[in-house]
Amino acid sequence: MFNNPGKKIKIAAKVYDYLSIIAGGIISIILMSDGGYDAWYIVCVEIGFIANGWFCGLFMYGIGETIENISSIKEDLSVVKKIIRNSEVFEDVFINSTKTSEPKTEGNKRKDVFEEKEAEEKDGWECPCCGEFHETTETSCKCGFTLND
């Protein structure tokens, strides 16, 4: 009963719209058969019922569509959160960025920073945070890591 309320509201909006049109038609027929009303009054009643059904149905349908979109966004966001939590990028970017621009750590033991001789042998250095390779003349990476001289 409470599963997928957006779809149910959209169906209720359509039903309300059709019932309003049918009710307007029935009331118009009753008013015509009575004979005491002008034709313009009967037409206005019919137009009023149609407009009421259309406007109310439109708002109800919009609310149902909004609920479906929010549910879809919520599902997508939970998937993204799971991916981020399982990703090293989350740890590197969000956790290590709050610390100083030192390389990643494993527990309390620091990973070795490239020494100058290693950088000279490779004609550059690889950033321990993001893994990007840099020339020997560069001393910092775009992720914020800097070589300690």
Listing, residues 42-57 side-chain donor-acceptor contacts under 3.5 Å, not counting sequence neighbours, or none:
from: Glu46; atom 1: OE1; to: Gly25; atom 2: N; distance (Å): 2.9
from: Glu46; atom 1: OE1; to: Ser28; atom 2: OG; distance (Å): 3.0
from: Asn52; atom 1: ND2; to: Tyr16; atom 2: OH; distance (Å): 3.3

**Item:** Path from Leu19 to Ile21 over hydrophobic side-chain contacts below 4.5 Å
**Value:** no
**Prompt:** Above 12 or not: heavy atoms from other molecules or residues under 6.0 Å from NZ of Lys81?
**Reply:** no
**Item:** Between CG on residue Leu31 and CD1 on residue Ile26, distance to nearest 0.5 Å
**Value:** 12.0 Å
**Request:** Supply the atom-to-atom distance Ile22 CD1 to Ile27 CD1, rounded to the nearest 0.5 angstrom.
**Result:** 12.5 Å
**Asked** Quick check: does any side chain N or O of Ser78 sit under 3.5 Å from a backbone N or O of Glu75, one acting as donor and the other as acceptor?
**Response** yes
**CD1 on Ile11 to CE on Met60, rounded to 0.5 Å** = 11.0 Å
**Item:** Tyr37-Trp40 co-clustered via ILVMFWY side chain contacts under 4.5 Å
**Value:** yes
**Item:** Spatial distance of atom CD1 (Ile70) from atom CG (Leu77) [nearest 0.5 Å]
**Value:** 12.5 Å
**salt_bridge(Glu68, Lys7) N-O dist < 4.0 Å** = no
